[in-house]
Amino acid sequence: MLYTVIKSNSYQDSVSLMLLTNKLSEMEGINRISVMMGTPANKDIFKNTGLYTDELEAANPSDICIVIDTDSEEMIAQVVAEVDNFLKNQASKGQGSKFSTVRTWDSALKKLPDANLALISIPGKYAAQEARKAVEKGLHVFMFSDNVSIAEEREVKELAKEKGLLVMGPDCGTGIVSEVPLAFANVVSEGNIGIVGASGTGIQEVSTLIDHMGGGITHAIGTGGRDLSEGIGAITAIDSLKGLAADEKTKVIVLISKPPAPAVRDRVISVLKTFGKPVVAVFMGEKPAVAQEQNIHYAWTLEDTAKKAMELAQQAAAEAEAPAMPEIAGLDKIKASGTQQYIKGLYSGGTLAYEAAMLISDGLEGADESDHQDGVMLKLDGHEVIDLGDDAYTQGRAHPMIDPRLRVEMIVDAAKDSGTAVILLDVVIGYGAFGDPAQALVSAIEQAKEEAAKAGRGVLFIASVTGTAKDPQQYDEQVQKLNDVGVIIKESNASAVRLAIQIVKQLQGEKAPENQEASVSEAVKALLASKPKVVNIGLRHFSETILQYGGQVVQYDWAPAAGGNEKLAKLLALLK
């Protein structure tokens with residue numbers, strides 16, 4: 001038989017009531033039981049599960065409704081005693097907690113006047129309204145609540161964008177801001193990887209895999225599953241990505257989503273390309289057509305995503321720990337020109353040219369545009385590496401290791417190019433090679449520098465010498481001759497290429513190209529700069545986690561306005 005108990009004006013969150021229902025279900029003598037708030041949606045659940053009674057008709061959304069299926073009427077008193085005990089425990093938890101508990105927005109902001117984030121986990125019917133209030137008060141929003149219409153989502157996100165704020169969600173399952181876990185988040189190590197995801201478990205999988213690999217996270221920003229749909233247009237995703245691009249601690253950015261609407265995808269990718277940081281993007285279910293596109297690395301699985309992010313993060317860490325670039329004569333003049341930022345590699349050794357092309361493509365995070373015809377080993381923006389030993393250059397003439405004349409001509413031409421900043425050379429000595437290759441290059445290098453100077457520019461030469469002191473050309477003599485005309489000699493071809501990359505990265509930084517990072521709001525920067533200060537509206541245990549990991553929090557024990565009477569609530573809102 002079904003028995004009904006209504007406890008008026010006793011609002012509790014749905015998760016707590018689900019846990020209570022589970023506990024009561026284990027009581028001997030109970031066939032079935034359900035404890036829910038008296039909202040219209042919950043009344044429908046009572047009907048669908050066969051637990052609806054006429055007494056529920058009069059229940060308000062702020063009333064706890066208990067329906068018991070039992071063969072013993074005596075069980076009702078035991079159930080009510082358990083529920084009363086539960087409510088007392090909830091009240092005592094509030095009194096004994098280390099965070100403040102309030103019942104209004106005004107009280108919350110008096111307790112925590114510099115709050116910058118509202119975490120909302122109340123029924124979806126009311127969530128958008130509270131999110132709107134939070135945005136109007138200048139707070140970012142993390143909306144754990146679901147069952148919010150797409151129209152309401154777009155409205156509140158557009159309002160937030162106007163104010164430079166983020167709305168994470170609705171149905172946002174997880175987040176991490178400056179090591180503080182939000183909602184269903186894991187405790188992961190701090191690192192240099194930032195994540196934006198339209199998938200809660202996707203964020204959790206990638207962030208925990210990174211943690212297992214020894215890496216860590218700066219921030220993980222959930223957007224809600226619909227953010228990259230055509231109806232929303234990636235409002236939160238784009239602003240969050242820009243925030244990570246501007247965040248000094250974040251060196252690598254990860255984007256996780258199901259395949260977006262095509263127009264939205266194009267918009268997001270165009271924004272990612274403006275960042276001076278590597279990005280790993282995974283669109284679940286969409287196998288990448290290319291592995292890399294400029295600074296964007298595409299992944300196929302969440303595991304691939306984590307591995308690639310770790311690889312890039314380790315590179316970024318190594319670069320940060322690398323010794324500062326030494327003072328280089330003539331670099332200031334190149335910077336002053338404002339046009340020079342490219343590497344030209346003119347090689348006599350094919351494998352050395354290939355290695356240079358590989359390192360430049362990887363170091364400058366770009367896709368090779370060449371088809372490797374006519375000895376062109378790399379074309380990337382204005383960067384170029386040429387193997388002069390290719391068949392295209394040896395028809396009717398000797399190999400450049402034997403006859404340096406073609407390379408001499410090309411050195412002078414490369415220096416005339418207004419974009420050339422660094423000319424990379426290999427000098428290969430030994431039996432069979434030209435008798436004095438360094439001397440053959442000296443006149444070309446001097447002429448190239450003169451031509452550049454006439455145009456108000458400088459040009460740097462970086463080279464490596466492949467050989468030994470026992471070779472007939474004598475290694476030390478070759479190095480000295482090149483040093484005498486200002487060539488920077490490195491111990492290996494790879495070292496020479498890496499120095500060239502370091503130089504052009506600095507030159508590209510000097511140029512400071514216009515990009516979309518500049519449009520990041522101060523409010524987003526402030527959110528990511530320190531641990532969040534949260535008004536938690538709903539599930540109490542979220543407050544406990546925030547406090548445990550160094551965030552500040554005030555618990556807003558929310559209940560529906562006017563006891564859930566919608567007409568009266570609207571009237572009260574108008575009167576305010």
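Bear in mind the structure is a predicted one, so any value in this text is a computation, not a measurement. Numbers for residues simply follow the sequence, beginning at 1.
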Apply salt bridge (charged side-chain N to carboxylate O under 4.0 Å, His left out) to E158 and K161, showing your working. CA-CA 5 Å; E158 287 179 338; K161 186 171 181 62; over 6 Å; no

Could you go through L117 and V141, starting from their C-alpha distance and side-chain angles, then the distance that decides it, and tell me whether this counts as side-chain contact (heavy atoms from CB on, under 4.5 Å)? CA-CA 6 Å; L117 178 67; V141 171; 5.7 Å; no

Start with the C-alpha gap between K273 and E293, add the side-chain angles, then the distance that decides, and say whether salt bridge (charged side-chain N to carboxylate O under 4.0 Å, His left out) holds. CA-CA 8 Å; K273 287 179 180 177; E293 185 180 10; 2.8 Å; yes

Under the side-chain contact (heavy atoms from CB on, under 4.5 Å) criterion, do L182 and L119 qualify, and how do the steps go? CA-CA 8 Å; L182 302 173; L119 200 168; 4.1 Å; yes

Verify side-chain contact (heavy atoms from CB on, under 4.5 Å) between L241 and F275, making sure each step is shown before the conclusion. CA-CA 9 Å; L241 290 164; F275 297 162; 4.0 Å; yes

Evaluate side-chain contact (heavy atoms from CB on, under 4.5 Å) for D304 paired with V282, printing each intermediate quantity in order. CA-CA 9 Å; D304 294 340; V282 58; over 6 Å; no

Go through the steps to decide whether Q480 and D476 satisfy the test side chain to side chain donor-acceptor pair (under 3.5 Å), and finish with yes or no. CA-CA 6 Å; Q480 188 59 53; D476 289 343; over 6 Å; no

Would you sort out whether K307 and E303 count as a salt bridge (charged side-chain N to carboxylate O under 4.0 Å, His left out), showing the intermediate values? CA-CA 6 Å; K307 286 180 176 177; E303 182 184 25; 3.5 Å; yes

Could you go step by step and tell me if E230 and R265 meet the salt bridge (charged side-chain N to carboxylate O under 4.0 Å, His left out) rule? CA-CA 10 Å; E230 193 170 356; R265 186 187 194 281; over 6 Å; no

In sequence, state the C-alpha distance, the side-chain angles, and the governing distance for Y393 and D387, and then conclude on side chain to side chain donor-acceptor pair (under 3.5 Å). CA-CA 9 Å; Y393 300 102; D387 169 20; over 6 Å; no

Stepwise, does the side chain to side chain donor-acceptor pair (under 3.5 Å) test hold for T208 with N186? CA-CA 7 Å; T208 54; N186 301 95; 5.3 Å; no

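Of the N and O atoms on the side chains of N493 and Y347, at least one donor lies less than 3.5 Å from an acceptor on the other residue.
Using a cut-off of 4.0 Å between Lys/Arg side-chain N and Asp/Glu carboxylate O, R457 and E451 are scored as not salt-bridged. A salt bridge links K525 with E522; the closest basic N to acidic carboxylate O contact falls under 4.0 Å. Classification of K481 and D436 as a salt-bridged pair holds, one side-chain N sitting under 4.0 Å from a carboxylate O. Between K157 and D227 there is a salt bridge, since at least one side-chain N of the basic residue sits less than 4.0 Å from a carboxylate O of the acidic one.
Panel note: side chain S495, backbone E491; no donor-acceptor pair is recorded below 3.5 Å. Put simply, the side chain of N116 gets close to the backbone of K533: a donor and an acceptor are under 3.5 Å apart. Using a distance-only test at 3.5 Å, with no hydrogens or angles considered, a donor-acceptor pair links the side chain of H383 to the main chain of I343. Between the side chain of D171 and the main chain of G224, no donor-acceptor pair closer than 3.5 Å is present. The backbone N or O of T250 lies less than 3.5 Å from a partner atom in the side chain of D247, making a donor-acceptor pair. Remark: the backbone N or O of S178 is paired with a side-chain donor or acceptor of H219 at under 3.5 angstrom. Side chain of Q474 to main chain of A469: no donor-acceptor pair is present (N/O by atom type, distance under 3.5 Å, no hydrogens or angles). H140 places a side-chain N or O within 3.5 Å of a backbone atom of L166 that can act as its donor or acceptor partner. With hydrogens and angles disregarded, a donor-acceptor distance shorter than 3.5 Å links the side chain of T236 to the backbone of V167. Between the side chain of H297 and the main chain of A281, no donor-acceptor pair closer than 3.5 Å is present.
Taking the six-membered ring for Trp, F542 and F144 have ring centres closer than 6.0 Å.
Scanning both residues, P181 and I546, for their nearest heavy atoms gives O-CG1, 4.2 Å. Here the shortest heavy-atom pairing between T420 and A414 reads OG1-O, 2.8 Å. For the residue pair S361 and L380, the shortest heavy atom distance occurs at CA-CD2, 4.2 Å. Scanning both residues, I238 and V268, for their nearest heavy atoms gives CG1-CG2, 4.1 Å. Here the closest non-hydrogen pair linking E355 and A494 is OE1-N, 3.8 Å. In terms of heavy-atom proximity, A309 sits nearest to I193 at O-CD1, 3.8 Å.
To the nearest 0.5 Å, atom NZ of residue K287 and atom CH2 of residue W300 are 6.0 Å apart. Distance check, rounded to the nearest 0.5 Å: OG1 of T545 to OH of Y549 gives 7.5 Å. Within the model, atoms CD of Q292 and CD of Q294 stand 9.5 Å from one another, a figure rounded to the nearest 0.5 Å. Note that the CD atom of E190 and the CD atom of E179 stand 4.0 Å from one another [nearest 0.5 Å]. For the atom pair NZ (K379) and CD1 (I386), the distance works out to 7.0 Å, reported to the nearest 0.5 Å. Within the model, atoms CD1 of I203 and CD1 of I221 stand 8.5 Å from one another, a figure rounded to the nearest 0.5 Å.
Checking each of L425, D426, L424, V497 against L352 for a side-chain contact (heavy atoms from CB on, under 4.5 Å) leaves exactly one that passes, namely D426.
Looking at S519 and D239, their side chains never come closer than 4.5 Å, going by heavy atoms from C-beta outward. At least one side-chain heavy atom of I411 sits under 4.5 Å from a side-chain heavy atom of F461. Two residues are said to be in side-chain contact when any heavy atoms from C-beta on lie closer than 4.5 Å; L364 and V504 meet this criterion. Residues K277 and V252 have side chains not in contact (no heavy-atom distance under 4.5 Å, counting atoms from C-beta outward). Side chains of T201 and E205 form no contact here, defined as non-hydrogen atoms less than 4.5 Å apart. Looking only at side-chain heavy atoms (C-beta outward), I423 and L460 stay at 4.5 Å or farther from each other.
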